[in-house]
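Just so it is clear, the values below take in all heavy atoms, side chains as well, and ignore hydrogens, waters and symmetry mates.
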Amino acid sequence: MVRTRFAPSPTGYMHVGNLRTALYTYLIARQNNGKFILRIEDTDQERYVEGAVDLIYRTMKETGMDWDEGPDIGGDYGPYIQSERRGIYLDYARELVEKGAAYYCFCDKERLDELKLIHSISKVPHKYDGHCRNLSKEEVAEKLAAGVPYVIRQKIPTEGVTTFTDLVYGEISVDNSELDDQILIKTDGLPTYNFANVVDDHLMKITHVVRGKEYLSSTPKYNLLYEAFGWEIPAYIHCAPVMKDAHNKLSKRNGDASYEDLIEKGYLKDAVLNYIALLGWAPKSEREIFTLEELIREFDISGISKSPAIFDTEKLAWLNGEYIKALPEETFMEMALPYIRQSVRRTDIDMRALAALLQGRVQVLGEIPEMVDFLDALPAYDIDLYTHKKMKTNPENSLESLKAVLPVLENLQDWTQEQIHTALFELIARLDVKNGLILWPLRTALSGKQFTPGGGVELAYLLGKEETLARIRQGIEKLS
RNA sequence: GGCCCGAUGGUCAAGAGGUUAAGACACCGCCCUUUCACGGCGGUAUCACGGGUUCGAUUCCCGUUCGGGUCACCA
């Protein structure tokens, strides 16, 4: 039975890299009919952020990554919040001491700092010097009885090589002499992440550990722990980071977009998830658009990339546009409405027609207010806008066109798109000119913009007869 | 600095000892068109460098360079 876990620290927000790790972890569990577990790693009280746990729940639920065991729903291997497990680690650490794979260390902070200083001055890699490594049982008992503060350290073999296999990076070997006697239990009696992680993963029967590549170099130490306990080592899947550019990781600290930020900007959750899946993983086929269900089927660990991937907003935007186009009209209208309202106060506009125009050309919902603001009020514009080489228009012939259009529209009874279209094309036929010569100036006069969500006919319809005529008159005045 | 990992177009990336080195985004051009967009068609552009191994390496090996990670009583 495959069991995977997503184990975030509640330190604030869901950044994109985190979300991707969660996704891959989720996918691996689901495609193997395994279990997906959510565990909160809050052993560091210093960094705990209020509300962060809720944010994790909310994001996971919103994106559809449901978990089978977790703090809120329980499970057979709880508790699922590390701070609630505080009682269990010390015994395991003592077991390791018994087995000779760990030891009590009574070195105080001063001595350690001094050691670190010496190492840094002499440019030697910093490692604990093993001062307490070989204390006798009696010495240890004495200090313990005297209440001297202590930590428990892992006793790394002085010789040999530790080798393990990562499903992404392959076989990796490290000399044990490179490894530090890391602290397992802190002075406060709580485990370090390094220790809690190993114990919890084992107790929760985790079979596949998916995590960031930054843990790759501490993995040998974990494996030594597993071996000392006689526990089975899980499969490892280390993921290269998501980057902002060639040198910097994507992070909130740099002001980079988090999941919530992207949603707020008007990206669809499915599109974000889909894009993130593609960042650092390549499907077998050439398809790129997948629902979560489809990702479960298509995902394959062998497609995970070894090198970091730069987050590309342009491609996300494109993908988002594809998702928007695929939306049912009704759904899109509901989504678009709040954005339209941000800049359009008028209530007499045919929102259905407007939404239909928008759906085909919006990539990110956040673009909408700026696209439609002209409906409320004609922006100030330069008459250069009337010049278009392909349409062969210029301010002079535009003036003529608008003058010709005005009476035609004034006499129009039914203000429907069909009627407007018919009337204008009759005019075009009567004058024997190119469509653009009439329609380009019209669109410009109606919008004052270079780009609009529709052509002259659509805009006239949306604006209504009165406003349309008023804007044409304004255009005529401006060009005269 | 020690150790670990990585390197295919601007970006995401497939690929394999012999290929015209896929595809997508972006970019450019053309077509369509009532602008932009959409759609259709086409195009520019990539194997970091140097040595090997081999009949043949972008692919395998070794170095170099560059990049990333790690070296906490943080996770």
Side-chain angles (χ1 to χ4, degrees), chain A residues 7-9 11 41-44 46-47 82 105 107 109 112 116 119-120 123-127 149-153 166 168-170 172-175 177-180 182-188 190-194 196-197 212-220 238 240-241 243 245-247 249 275 278-289 303 305-319 321 325 357 359-363 371 385 388 390-391 393 421 424-425 428 434-440 442-444 447 449-459:
Chain A
S9 306
T11 54
E41 308 218 325
D42 60 346
T43 47
D44 184 15
E46 305 259 309
R47 296 208 304 170
Q82 223 159 41
C105 170
C107 293
K109 191 122 181 97
L112 260 22
K116 204 178 287 183
H119 288 154
S120 75
K123 291 187 175 157
V124 169
H126 176 64
K127 265 180 69 182
Y150 67 91
V151 299
I152 296 180
R153 285 182 187 273
D166 179 271
V168 175
Y169 291 96
I172 292 168
S173 298
V174 179
D175 284 346
S177 61
E178 295 291 333
L179 274 20
D180 192 17
Q182 65 174 344
I183 291 174
L184 270 18
I185 298 288
K186 303 184 267 189
T187 314
D188 62 8
L190 286 178
T192 55
Y193 161 86
N194 295 312
N197 207 258
K213 196 188 160 206
E214 64 270 26
Y215 295 101
L216 198 60
S217 46
S218 21
T219 300
H238 286 94
M243 309 291 284
D245 53 47
H247 303 285
K249 237 167 134 168
Y275 177 66
L278 261 20
L279 253 194
W281 168 73
K284 289 253 187 296
S285 70
E286 282 181 2
R287 236 181 107 187
E288 291 195 302
I289 299 184
S305 142
K306 294 181 176 71
S307 39
I310 297 174
F311 187 90
D312 181 7
T313 315
E314 301 230 48
K315 179 135 187 186
L316 205 213
W318 167 78
L319 195 60
K325 274 177 237 164
L357 287 176
Q359 187 165 8
R361 63 195 85 202
V362 167
Q363 283 197 317
M371 288 171 85
L385 267 188
H388 189 276
K390 230 167 123 186
M391 296 294 136
T393 61
H421 187 271
L424 288 174
F425 275 77
I428 288 165
K434 290 198 65 171
N435 299 344
L437 186 65
I438 297 295
L439 294 165
W440 176 274
L442 176 62
R443 196 184 62 85
T444 305
S447 67
K449 290 183 102 114
Q450 189 175 9
F451 308 127
T452 56
V457 175
E458 287 92 345
L459 297 194

Could you list the protein-to-nucleotides 6-12 of chain B atom pairs, N/O on both sides, closer than 3.5 Å?
from, atom 1, to, atom 2, distance (Å)
B/C12, OP1, A/I310, N, 3.2
B/C12, O2', A/L278, O, 3.2

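- We find that CD of A/Q359 is positioned 16 Å from C1' of B/G39, with the value rounded to whole Å.
- Remark: P of B/C38 and CH2 of A/W318 are 12 Å apart, rounded to the nearest angstrom.
- Scored by the side-chain contact (heavy atoms from CB on, under 4.5 Å) test, A/L112 finds A/C107, A/Y128, A/R153 as partners (sequence neighbours excluded).
- A/Q450 comes within 4.0 angstrom of a base, heavy atoms only.
- In this structure, A/H388 places its NE2 atom 13 Å from P of B/U34, rounding to the nearest Å.
- Distance check on atom P: B/A22 versus B/U44 gives 11 Å, rounded to whole Å.
- For the ring pair (Phe, Tyr, Trp, His ring centres under 6.0 Å) test, residues two or more places apart in sequence or in another chain that qualify with A/W281 are A/F299.
- Base pairing in RNA chain B yields stems of at least 3 consecutive Watson-Crick or G-U pairs, both distances under 3.5 Å, namely B:1-7 with B:65-71, B:10-12 with B:23-25, B:27-31 with B:39-43, B:48-52 with B:60-64.
- Residues satisfying the side chain to side chain donor-acceptor pair (under 3.5 Å) criterion with A/N194, sequence neighbours excluded, are A/Q182, A/Y222.
- The side chain to side chain donor-acceptor pair (under 3.5 Å) test applied to A/K449 returns A/D373, not counting sequence neighbours.
- Not a single donor-acceptor pair, N or O on each side, falls under 3.5 Å between the base of B/C38 and the side chain of A/R361.
- Aromatic ring pairs are classed by plane angle as parallel below 30°, tilted from 30° to 60° and perpendicular above 60°; the pair A/W440 and A/H388 is tilted.
- The base of B/U35 sits within donor-acceptor range of the side chain of A/R443, with an N or O pair under 3.5 Å.
- The separation between A/D175 atom CG and B/C4 atom P is 7 Å, rounded to whole Å.
- Nucleotide B/A13 holds its P atom 16 Å from the CD atom of A/E286, rounded to whole Å.
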